[in-house]
Colleague: 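The structure under discussion is supplied below as structure tokens; questions concerning it will follow.
The residues of the chain are indexed from 1 along the displayed sequence.
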Amino acid sequence: MEALTPFVWQMWVVYGLIAGAVVLFSIDRLPLETSSLAVLVVALIFFYFFPVAGDAGENMLGPGELLAGFANPALITVLALLVVGHGMFQTGALDGPARFISERGSKMPQLTIVLTLLLVAVVSAFLNNTPVVVMFIPVLATMAGKLGRRTPKIMMTLSFVSILGGMTTLIGSSTNLLAAGVVHSYDLRPIGIFDFTVPALFLAAIGMIYSIAVAPLLMPDRGDPSTELAGQEGTSGKQYIAQIEVTPGHPLVGTTSRAGLFPPLKDMTVRMIQRGEHPILPPYEDVKLRPGDVVIVAATRNTLTEALKSGSKIFEGMLEETLADRDENDTPRGKTSGELTVAEAVVAPASRMIGLTVEQIAFRHQTGCIVVGIQRRSRMIRTLLNDIRLEAGDVLLLLGKPQAVHGLRTNRDVLLLEWSATELPNPALARRALAVFGTMVLSVLAGILPIEIASVAGAGAMVLTGVLNTRQASRAIDRRIFLLVGTMLALASALQVTGGAEAAAMAVVSLFQDQGPSVMLSAFFLVTAIATNILTNNATAVLFTPIAISAANQIGIDPMIFIYCVIFAANCSFATPMGYQTNLLVMGPGHYEFRDFLRAGVPLVILLWLAYSVFAPWYFGL
């Protein structure tokens with residue numbers, strides 16, 4: 001083993017900075033960005049006045065070395081993958097598969113999510129788990145909404161399951177490959193793909209049971225910002241009155257009611273069917289829809305928006321009407337272009353629209369937007385949408401091109417609720433996003449490009465192909481992740497340069513080497529697991545593998561036993577967001593704080609440590 005870095009007194013200051021950072025991140029008194037920046041500034045100032053001198057007298061922890069983490073390829077990769085993932089989510093590229101799964105799993109939503117997570121674990125055993133998590137974040141986010149689950153309850157489980165799956169084979173994680181690379185430089189037999197799969201499967205099984213059954217219970221029920229802003233309309237009963245015109249060739253033609261319901265109009269309540277001059281009111285018994293019927297439904301905004309997003313032909317006429325290019329006389333030219341936005345607007349007091357119908361106002365001509373639905377809390381409405389006379393306080397659900405919706409900000413007759421604006425995915429952009437994403441993943445799997453280059457190229461392609469504009473792409477980059485990881489990489493560098501990492505590892509060896517291989521193996525697992533949540537998994541694998549080989553040689557047992565211990569423990573990066581890339585990836589979509597990872601990750605690390613301490617001595621015959 002190579003000579004260790006000499007220990008210097010500054011390492012105790014580094015220990016203090018790490019402890020202070022963990023405390024600041026955990027108590028959450030300051031924003032995560034502020035805490036990270038404060039720790040980084042203290043480290044920069046300290047090592048400027050108290051440098052660690054190298055062989056040539058240079059400061060080994062100067063600003064260049066401490067700030068190098070912000071250009072770390074792993075950090076850039078995560079930020080680029082966030083942009084790629086945002087492009088997939090923004091365009092609804094994976095809404096189709098998610099909808100397919102959720103529709104078939106609606107009767108057993110929990111089982112559907114569990115089976116999806118098991119699929120993630122299996123795929124992660126053979127593919128790099130970072131792109132796997134990127135792939136499944138939008139799928140599970142969509143599924144969670146459709147199956148009545150909150151994303152904070154599922155995103156951390158997604159990360160944990162992918163890490164556990166990647167632990168089971170040599171190619172499942174970069175951590176495993178890095179440890180194998182260190183072994184290759186020693187006079188030891190190379191590690192095969194499935195050499196440590198049996199003990200890894202034992203640990204993964206225990207970890208997955210915890211991650212699926214227990215971890216969601218420890219997560220706060222913060223909910224999604226979009227749901228909170230919308231007043232949780234999906235579950236609060238906030239109903240809009242909408243109108244569906246059944247034209248010749250419409251998918252509702254020939255639909256017959258069953259037990260008073262019309263199957264294609266899922267989650268919508270049919271209030272009335274206008275057939276010529278004759279209104280048909282519930283209950284509906286064997287009513288068959290015909291061309292010319294006008295169906296008045298009540299539905300939540302979520303239901304109406306999902307129907308528009310899914311490309312349902314039920315609202316196809318409305319979409320074509322909104323997208324149609326028009327001449328100066330507001331006459332459709334017969335072609336469609338652009339994207340659409342759904343938003344809410346309130347009829348203002350003293351509005352000129354009060355007492356008039358949407359048709360009398362010529363709302364489409366005046367604003368460029370179509371009224372999809374009208375919500376009125378005072379009473380139930382059973383009349384044609386075009387016959388409803390507007391009142392002050394009525395909420396209009398509008399559909400229009402983005403520029404038309406934004407133009408309502410200057411309209412004195414309605415108050416646009418700007419936070420309610422939701423862009424509908426453009427099918428053409430969804431196909432582009434899928435093409436970019438697929439090309440990125442295939443280039444990595446085929447070994448054409450490393451993940452660092454492929455992810456940056458994928459993020460650039462999302463902008464260059466028009467899937468995202470620069471504003472949307474920049475919004476996908478989480479500044480908390482950027483500052484947190486950059487700061488912790490600076491502390492990790494300081495820990496290695498000052499000899500703090502080696503000091504901790506060798507202390508374990510000297511303390512437990514006389515207690516027998518089982519005790520020493522257990523202690524080594526615990527120290528490595530703690531280090532991986534501070535130094536990151538890759539740095540821990542590279543740092544501790546040589547120490548593991550030396551420790552095994554000192555007590556006279558097979559070094560592979562300790563090498564496998566390093567691999568398993570270095571994969572236990574569950575307790576901090578910077579421990580592994582997948583934790584960082586789910587931090588934004590799951591709306592997590594630093595302490596959430598401590599709350600759910602620390603018990604998992606302890607559980608795996610205890611399980612390994614019992615299983616390894618029996619399995620390896622120690």
Side-chain angles (χ1 to χ4, degrees), residues 89-90 92 95 98-99 102-103 106 141-151 223-244 262 264-271 295-312 314-319 321-323 339-348 358 363-364 367-382 385-386 388 390-391 393-402 404-406 408-409 414-426:
F89 184 79
Q90 183 76 19
D95 279 0
R99 193 176 295 111
S102 62
E103 286 176 355
S106 57
T142 305
M143 284 179 58
K146 291 180 180 298
L147 301 179
R149 300 293 188 272
R150 297 293 184 91
T151 52
D224 300 338
S226 58
T227 304
E228 294 168 3
L229 287 172
Q232 296 180 342
E233 73 273 6
T235 57
S236 65
K238 184 178 179 183
Q239 300 278 317
Y240 283 89
I241 298 299
Q243 178 173 299
I244 302 172
F262 293 87
L265 301 177
K266 186 179 179 181
D267 299 326
M268 299 183 190
T269 303
V270 178
R271 290 278 179 85
V295 183
I296 308 301
V297 299
T300 65
R301 172 183 168 166
N302 273 352
T303 299
L304 295 173
T305 303
E306 280 299 315
L308 294 168
K309 278 184 177 181
S310 65
S312 172
I314 293 175
F315 291 99
E316 187 174 36
M318 183 182 298
L319 291 170
E321 173 72 9
T322 312
L323 280 170
E339 300 175 356
L340 292 178
T341 297
V342 176
E344 297 176 358
V346 179
V347 177
V358 172
F363 195 88
R364 166 69 181 80
T367 65
C369 300
I370 285 180
V371 177
V372 176
I374 299 175
Q375 187 263 323
R376 181 177 295 168
R377 294 188 181 277
S378 59
R379 60 183 181 276
M380 181 183 295
I381 301 176
R382 274 201 179 97
L385 193 69
N386 290 335
I388 299 175
L390 299 179
E391 298 179 0
D394 283 350
V395 181
L396 309 179
L397 186 62
L398 306 176
L399 177 67
K401 295 183 178 180
V405 172
H406 294 157
L408 293 175
R409 288 180 292 186
V414 295
L415 304 175
L416 176 66
L417 306 179
E418 293 194 56
W419 52 260
S420 69
T422 301
E423 296 178 4
L424 296 184
N426 186 323

Colleague: Write down the atom of F363, the atom of V371, and the distance for their closest heavy-atom approach.
Modeller: CD2-CG2, 3.7 Å
Colleague: Should T300 and Q239 count as side-chain neighbours, where that means a heavy-atom distance under 4.5 Å?
Modeller: yes
Colleague: Atom CD1 in I370, atom CG in L399: separation rounded to 0.5 Å?
Modeller: 6.0 Å
Colleague: Sequence neighbours left out, what passes side-chain contact (heavy atoms from CB on, under 4.5 Å) with A343? Give chain and number order.
Modeller: V405, L416, S420, A421
Colleague: Work out which heavy atom in G368 is nearest to a heavy atom in A404; give both atom names and the distance.
Modeller: O-CB, 3.9 Å
Colleague: Taking all non-hydrogen atoms of both residues into account, name the closest pair between M268 and A299 and its distance.
Modeller: CG-CB, 3.8 Å
Colleague: With a 4.5 Å cut-off on side-chain heavy atoms, are V295 and L265 touching?
Modeller: yes
Colleague: At what distance, to the nearest 0.5 angstrom, does CD1 of I296 lie from CD of Q243?
Modeller: 4.0 Å
Colleague: What is the distance from atom CG of L304 to atom CD1 of I241, rounded to the nearest 0.5 Å?
Modeller: 10.0 Å
Colleague: Is the shortest heavy-atom distance from the side chain of L417 to the side chain of V346 under 4.5 Å?
Modeller: yes
Colleague: Kindly give the heavy-atom pair with the smallest separation between L396 and Y240, and that separation in Å.
Modeller: C-CE2, 4.3 Å
Colleague: Report the residue from L408, T341, V342, T367 that forms a side chain to side chain contact (heavy atoms under 4.5 Å, CB included) with L398.
Modeller: L408
